[in-house]
Amino acid sequence: MAKHPKAKEIPRTQPKGLSTRQEELRKILTGRRDELQLIVGAQRRGRIEQGGAKSADNFDAASDNMAEELEFALVQQKTETLAKIDEAIARLEKDAYGYCLECGEEIEEKRLRALPFAVRCVDCEEERETAGKQERQEA
């Protein structure tokens, strides 16, 4: 991944202990992870239990298939979020959490509380989204 032009190297050392801010963010991350793990586990168990119950009516069967596909997509999305949270926890343990991957600046705490696995500051994320929109329009 290309570095943002204004990116700078931030010296990171192995922390002796987490700061109060880091502890709070760790609690947010682990709490969200635990919540998602329960939801995903329950949804997967529900799919297994419902596996044999199929409708004989074509309309009902089509409706069942659409519901299953939607549920699968939601489970997949939650699973991807879990992976992002695990990556954020790993960055926290390496004292690299909370810094933008593009510019190296510290990500605002407000953003991390709203999106605890954020890897970019608001400005860099907006730049990335704008560039992505332009690429899609050109294609």
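The basis for the numbers below is simple: all heavy atoms, side chains too, and nothing from hydrogens, waters or symmetry mates.
Distance CG/Leu36 to CZ/Arg32: 4.0 Å, rounded to 0.5 Å. Here the CG-SG distance, from Asp123 to Cys103, works out to 7.5 Å after rounding to the nearest 0.5 Å. The OG1 atom of Thr81 lies 8.5 Å from the NZ atom of Lys78; values are rounded to the nearest 0.5 Å. Atom CG of Leu112 sits about 11.0 Å away from atom CD of Gln22, to the nearest 0.5 Å. Taken from CD1 in Ile85 to CG in Asp34, the straight-line distance is 9.5 Å, to the nearest 0.5 Å. To the nearest 0.5 angstrom, Leu29 atom CG is 11.5 Å from Glu87 atom CD.
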Next item on the list: List the steps, then state whether salt bridge (charged side-chain N to carboxylate O under 4.0 Å, His left out) holds for Glu80 with Lys84.
Entry: CA-CA 6 Å; Glu80 290 169 3; Lys84 290 177 184 178; 5.9 Å; no
Next item on the list: Mind running side chain to side chain contact (heavy atoms under 4.5 Å, CB included) on Leu82 and Arg33 for me, showing each step along the way?
Entry: CA-CA 6 Å; Leu82 278 170; Arg33 181 190 61 197; 3.7 Å; yes
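Taking a cutoff of 4.0 Å between a charged side-chain nitrogen and a carboxylate oxygen, Arg120 and Glu126 do not qualify as a salt bridge. A salt bridge between Glu23 and Lys27 is absent, with no side-chain N of the basic residue lying under 4.0 Å from a carboxylate O of the acidic one.
Residue Glu35 places its CD atom among more than 12 non-hydrogen atoms of other residues, nucleotides or ligands, all under 6.0 Å distant. Within 6.0 Å of CD on Gln77 lie no more than 12 heavy atoms contributed by other residues, nucleotides or ligands.
Hydrophobic clustering (ILVMFWY, side-chain heavy atoms < 4.5 Å, transitive): Leu115 and Ile89 are in one cluster.
Val122 belongs to no hydrophobic cluster, as no Ile, Leu, Val, Met, Phe, Trp or Tyr side chain comes under 4.5 Å of its own.
Taking every heavy atom of both residues into account, Phe117 and Ala88 meet most closely at CA-CB, 4.0 Å. When all heavy atoms are compared, the tightest approach of Arg111 to Cys121 is NE-C, 4.0 Å.
A 4.5 Å side-chain heavy-atom check between Glu24 and Glu109 finds at least one atom pair inside the cut-off.
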